Amino acid sequence: MAKGLTTREQDYSRWYTDVIAAARLADYAPVKGCMVIMPNGYAIWEKMQGALDTLFKDTGHENAYFPLFIPESFMKREAEHVEGFAPECAVVTHGGGKELEESLYVRPTSETIIWSMYKNWIQSYRDLPILINQWANVVRWEMRTRLFLRTTEFLWQEGHTAHATSEEAVQETLQMIEVYRQFAEEFMAMPVIVGLKSDKEKFAGAIQTYCIEAMMQDCKALQAGTSHFLGQNFAKAFDVTYQTEAGQREHVWATSWGVSTRLVGALIMTHSDDRGLVLPPKLAPLQAVVVPIWRGDDERAAILERVDQFTADWKGHFSFKIDDRDNYRPGWKFNEWEQRGVPVRIEIGPKDLESNQAVMVRRDTGEKQFIAQSELRDTIVQTLQTIQVDLFNRAVERRENNSHYLESYEEFKQMLDDQGGFFYVHWCGSRDCEDRLQAETKATIRAIPMNNPKEKGQCLLCGGNSEERVVIAKAY
RNA sequence: CGGGGCAUAGCGCAGUCCGGCAGCGCAUCUGCUUUGGGAGCAGAGGGUCGCAGGUUCAAAUCCUGCUGCCCCGACCA
């Protein structure tokens, strides 16, 4: 393991992989494009799952599980959908030593197999809505992969809901993007822009795609979650109808929404620094670590006894660990826990035994404070809350400092190259201008923000009329 | 798919040009001294040199074929 990490300044993308290696979050698997999520990384995902699952249940959703394999014919039912996903699908052609009569797609997403089932489950308006989520793995055969951000197989959750009316489905779509916003900001301490995707960027098979979009420390955008209003596209493709109260047959309205282990990558790139991982307390698997310092066995026993005393009432308030390993020295331990992103470290040595205090160190700021041992528990609780808020505020500040309102295409191109960031610019809404933007600058329209103030202007590219600004950035 | 690079101990590499005992650093193990920001000394273990052929008295090294991975570009959560 490297002694010092590559700094963000030196090479941002090497820094990112160094942070992951140093914190032992993940490792490259022997299969191209695939990763192993190691215990430290998986623990973060489990914290995310726990929080999200509660938010889903609180909004009336239930978990279920659908098959990994999807018959080829299902994938081909919805034209736009198959066109969007076919190039990146893995297909199973053999099973049990024989060629299959019908090839099976490894799910890139589950709309088709789920709607093939919803057809059987829905007859009348009384069967609606169906509000189902599944936690699953999916496979998308990517060319270029990066740990957590883009791998061939990844873990995610996908919600799939069925509704009697368009209004209700739209409402669900909006509700879930709001759930994602809340999760990103309250748990990940990661500010996001909530917005609508352009037609070019939306999900294959959706009418509208809403997204949460975050800014990483290199000023690039990262799509952190999406919620789709699917209209009746899948209901029509799978012939899913219901009988209305008035006795007529109507096609069912649909939504789907998901976030993935990509969020772990987003979390890393939002808060971490040149010393390693920085985790927001609400998602840190380990929130505090106590590093006792001693010389010789007598002192060791005395210190550990004291540590046991003042940690006796910590359980239930926050997660913590006492690092009493004898084979590493304190300085080594400090570095290790910093690389792992533990929010609070407590140091206690011989000098502190007499004075009944300890040193508390914040991971996010490096700030050290002497705290009375009797005050430790409450101070740590407080500090964890403070860190959570401070991380969010710093991320908001960084985003604001790197957001620009521009009118001139030349100025935009210059700034995009020089410093990057989010650019609020006018866009006429045409696909031509959007394509040209990407071809010429590699930046894309990330979102048309929700509750966007109306403002007349001229399209950055063609000068045509525009009613509002959109957010443009280079993206992961 | 296009371009570039790499494959030798758990990790990072040297050795390859010019064939001749399989090396270095970190990590690991043992012992002693250490312990408030990545400890020091002494010793030890660990290898189908990516795979398959070929040339040669002799191949990590030369030749042929194959495979895998990484990086950079077009597509994507």
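Not measured: the values here are computed from a predicted model. Letters go in sequence order (proteins before strands), and every chain restarts at 1.
- By the 4.5 Å heavy-atom criterion applied to side chains, Tyr118(A) and His160(A) are counted as neighbours.
- Smallest separation of non-hydrogen atoms from Ala23(A) and Gln339(A): CB-O, 3.3 Å.
- Nucleotide C57(B) is matched to G20(B) when pairs are restricted to Watson-Crick or G-U wobble geometry with both distances under 3.5 angstrom.
- Scanning for ring-ring contact (aromatic ring centres under 6.0 Å, His included) contacts around Trp294(A) gives an empty result, with sequence neighbours left out.
- In this structure, the CZ atom of Arg146(A) is 18 Å from the P atom of C75(B), given to the nearest Å.
- When each of Glu201(A) and Lys368(A) is assigned the nucleotide of RNA chain B bearing its nearest heavy atom, the one mapping closer to the 5' terminus is Lys368(A).
- Asp326(A) has its CG atom 14 Å from the P atom of A39(B), to the nearest Å.
- Rounded to the nearest 0.5 angstrom, Lys474(A) NZ and Gln438(A) CD are separated by 12.0 Å.
- Heavy-atom distances under 4.0 Å link RNA chain B to Arg140(A), Glu142(A) of residues 134-142 of chain A, given in residue order.
- When both distances must be under 3.5 Å, the Watson-Crick or G-U wobble mate of C29(B) is G43(B).
- Closest contact between the side chain of Thr151(A) and the listed nucleotides A39(B), A77(B), U35(B) involves A77(B).
- Spacing of P atoms, C17(B) relative to A77(B), comes out at 49 Å, to the nearest Å.
- Between Phe234(A) and His81(A), the gap from one ring centroid to the other is short of 6.0 Å.
- The residue Arg345(A) sits close to a base: some heavy atom pair falls under 4.0 Å.
- Residue Val291(A) is out of contact with every strand shown, counting any heavy-atom pair closer than 4.0 Å.
- In this structure, Pro87(A) reaches neither bases nor backbone, as no heavy-atom distance under 4.0 Å exists between it and the strands shown.
- Nucleotides C63(B) and A59(B), compared at atom C1', are 11 Å apart to the nearest Å.
- Both tests hold for Arg77(A) against Phe238(A): distance to the six-membered ring centre under 6.0 Å, angle to the ring axis within 45°.
- When the P atom is compared between G36(B) and A9(B), the two are found 34 Å apart, to the nearest whole Å.
- Atom CG in Asp274(A) sits roughly 21 Å away from atom P in G37(B) (whole-Å rounding).
- In this entry the distance linking CG of Asn327(A) with C1' of A39(B) reads 13 Å, nearest Å.
- Nucleotides C6(B) and C62(B) place their P atoms 13 Å apart, quoted to the nearest Å.
- For the pair Met176(A) CE and A77(B) P, the computed distance is 19 Å after rounding to whole Å.
- In this entry the distance linking CE of Met38(A) with P of C11(B) reads 12 Å, nearest Å.
- Within 4.0 Å of Glu299(A), counting heavy atoms only, lies no atom of the nucleic acid at all.
- Note: CG (Leu267(A)) to P (A77(B)) measures 21 Å, nearest angstrom.
- At whole-Å resolution of the value, CZ in Arg329(A) and C1' in G37(B) are 10 Å apart.
- Rounded to the nearest Å, the gap between the C1' atom of U67(B) and that of A27(B) is 29 Å.
- Annotation: Gln309(A), atom CD; neighbour count of heavy atoms from other residues, nucleotides and ligands within 6.0 Å is above 12.
- Distances were taken from every side-chain heavy atom of Trp294(A) (C-beta onward) to each of U35(B), A77(B), G36(B); the shortest belongs to U35(B).
- When heavy atoms are screened at a 4.0 angstrom cut-off, Asp352(A) is found touching base atoms of the nucleic acid.
- Using the Watson-Crick or G-U wobble rule with both distances under 3.5 Å, C1(B) pairs with G73(B).
- Pair assignment for G68(B): C6(B), on the basis of Watson-Crick or G-U wobble contacts that are both within less than 3.5 Å.
- Of all nucleotides present, none satisfies the Watson-Crick or G-U wobble test against U48(B) with each distance under 3.5 Å.
- A42(B) sits 15 Å from C24(B) when the P atoms are compared, rounded to a whole Å.
- Nucleic acid contact for Lys351(A): base, since at least one base atom lies under 4.0 Å from a heavy atom of the residue.
- As rounded to the nearest Å, G20(B) and A58(B) have C1' atoms that lie 7 Å from one another.
- Within 4.0 Å of Leu149(A), counting heavy atoms only, lies at least one base atom of the nucleic acid.
- Lys220(A) forms a cation-pi arrangement with Tyr476(A), by the criterion of a distance under 6.0 Å to the ring centre and an angle within 45° of the ring axis.
- Rounded to the nearest 0.5 angstrom, Ile212(A) CD1 and Met190(A) CE are separated by 5.5 Å.
- Using cut-offs of 30° and 60° for the angle between ring planes, the Phe310(A) and Trp314(A) rings count as tilted.
- Counting non-hydrogen atoms under 4.0 angstrom, Phe154(A) reaches a base of the nucleic acid.
- Checking G37(B), C76(B), C75(B) against every side-chain atom of Arg275(A), the shortest atom distance belongs to G37(B).
- Straight-line distance between the C1' atoms of C49(B) and U61(B): roughly 10 Å, to the nearest whole Å.
- Of the two residues contacting RNA chain B, namely Glu88(A) and Ile293(A), the nearest-nucleotide position lying further toward the 5' end is that of Ile293(A).
- Using a 4.0 Å heavy-atom criterion, one finds that Glu347(A) contacts the bases of the nucleic acid, with or without backbone contacts as well.
- At G36(B), none of the side-chain N or O atoms of Arg295(A) fall inside 4.0 Å of OP1 or OP2 (strictly under the cut-off).
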